[in-house]
Amino acid sequence: MPELPEVETVVRSIAPHLAGRRILSASFSSKHVTPGNRAALASRLAGRRVESVGRRGKFIVIGLDQGTLAVHLGMTGRLLIQGRPSEHTHGVFTLDDGQLLYDDPRQFGRIEWSAGPPKRVAHLGPEPLEIGFEEFRQRLRRKARVKALLLNQRFLAGLGNIYADESLFAAAIHPLATAARLSKERACRLRQAIREILNEAIALGGSSISDYVDGNGQPGSFQVRHRVYGREGEPCVNCGTPIRRILVAQRSTHFCPRCQKR
DNA sequence: ACTAATGTTGTAGG
DNA sequence: GCCTACAACATTAG
């Protein structure tokens, strides 16, 4: 479910309810979401105060008075400040005022505590909304296909399959193009496209394809603006050519063969 | 029954 | 080291 715009929307929806709250107790039920000793994690969190709630790439980073919680939503994870536990609830945080539930049917998400800065977050590339053009172009100097690079969280942190495809379409770049061979103009266009797509998606609360909702259970609406993702066979909004779907980096990749020449 | 799904990681081979 | 393919993780929906 969650790429940068969805995670950002979740953070914005839950932050006001978490900041300054104390965690009275917590419980976890999935060995996949919370690897290791789940009871130890629960007791570690009991009594902690939430000092900050932020986002880095696709991670939700919750700063505590002792240590940090890094939450990744995987494919189907949800953080909810409303509602009741269900069969797919794998984390329950009881707060001094309110609650926080972690739901995740596929259990690809992770909730991990660390004393210092979270290791998995430390390895992430720059934020796509913050990187400047010079650094962006430097980082593009690689032999990989541009779509594969956009999915690589060490290249940029936060893009996933939807926004990679939408950004490449907006920049009129073929997903199989070699990153290092993009002209300066095309690199500039790509960075701008990423910024515009992500900002517009955040403004619309993210894309709700099947699962995604924010912390209040509200879906986003950017899916109605998708121009290639999930539109295989439908006419390109620019030229009417049927949108094509191919596999790149083992992921479905949607593009217009006429607007996005190699 | 089969396929694909907003993701990440580890392994193997070129 | 870089790059790609593939499997694995677990569940649901078409």
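Naming: A, B, ... by sequence-line order, numbering from 1 per chain.
- Put simply, the side chain of A/Cys256 does not reach to within 4.5 Å of the side chain of A/Arg227, judged on heavy atoms.
- Heavy-atom distances to DNA chain B give each of A/Arg106 and A/Gln153 a nearest nucleotide, and the one nearer the 5′ end belongs to A/Arg106.
- Side-chain nitrogen and oxygen atoms of A/His32 include none within less than 4.0 Å of the OP1 or OP2 phosphate oxygen of C/dC9.
- Between A/Leu247 atom CG and C/dA5 atom P the separation is 9 Å, expressed in whole Å.
- OP1 and OP2 of B/dT9 both lie 4.0 Å or more from every side-chain N or O belonging to A/Arg110.
- Looking at heavy-atom distances under 4.0 Å, A/Gln107 makes contact with sugar-phosphate atoms alone, never a base.
- Rounded to whole Å, atom C1' of C/dA10 lies 11 Å from atom CE of A/Met75.
- The backbone N or O of A/Pro219 lies less than 3.5 Å from no partner atom in the side chain of A/Ser208, so there is not a single donor-acceptor pair.
- Between A/Leu129 and A/Ile202, some side-chain heavy-atom pair lies under the 4.5 Å cut-off.
- The side-chain ring of A/Phe108 is stacked on the base of B/dG7, judged by centre separation under 5.5 angstrom and plane angle under 30 degrees.
- Remark: C1' of B/dT8 and CG of A/Leu159 are 15 Å apart, rounded to the nearest angstrom.
- By the 4.5 Å heavy-atom criterion applied to side chains, A/Val10 and A/Ile60 are counted as neighbours.
- Side chains of A/Trp113 and A/Leu64 form a contact here, defined as non-hydrogen atoms less than 4.5 Å apart.
- Between the CZ atom of A/Phe155 and the P atom of B/dT8 there is a distance of 15 Å, given to the nearest Å.
- Rounded to whole angstrom, the span from the CD1 atom of A/Ile246 across to the P atom of C/dT4 amounts to 13 Å.
- The side chain of A/Arg251 places no N or O atom within less than 4.0 Å of a non-bridging phosphate oxygen (OP1 or OP2) of C/dA5.
- Between A/Leu151 atom CG and B/dA5 atom P the separation is 12 Å, expressed in whole Å.
- Protein atom CD of A/Gln250 is 17 Å distant from nucleotide atom P of B/dT9, rounded to whole Å.
- Between A/Ser252 and B/dA5 there is a side-chain polar atom (N or O) within less than 4.0 angstrom of OP1 or OP2.
- The partner of C/dC2 is B/dG14, by the rule that a Watson-Crick or G-U pair needs both atom distances under 3.5 Å.
- Counting non-hydrogen atoms under 4.0 angstrom, A/Tyr229 reaches the backbone sugars and phosphates but no base.
- A/Leu140 has its side chain within reach of A/Phe155: a pair of non-hydrogen atoms, C-beta onward, lies under 4.5 Å apart.
- The phosphate of B/dT8 (OP1 or OP2) has a side-chain N or O of A/His72 nearer than 4.0 angstrom.
- A close approach under 4.0 Å does occur between a side-chain nitrogen or oxygen of A/Lys58 and OP1 or OP2 of B/dT8.
- In this structure, the CG atom of A/Leu140 is 16 Å from the P atom of C/dC2, given to the nearest Å.
- Contact check, A/His88 against C/dA10: no side-chain N or O comes under 4.0 Å of OP1 or OP2.
- Look at A/Arg142 and you'll find a side-chain N or O under 4.0 angstrom from OP1 or OP2 of C/dC3.
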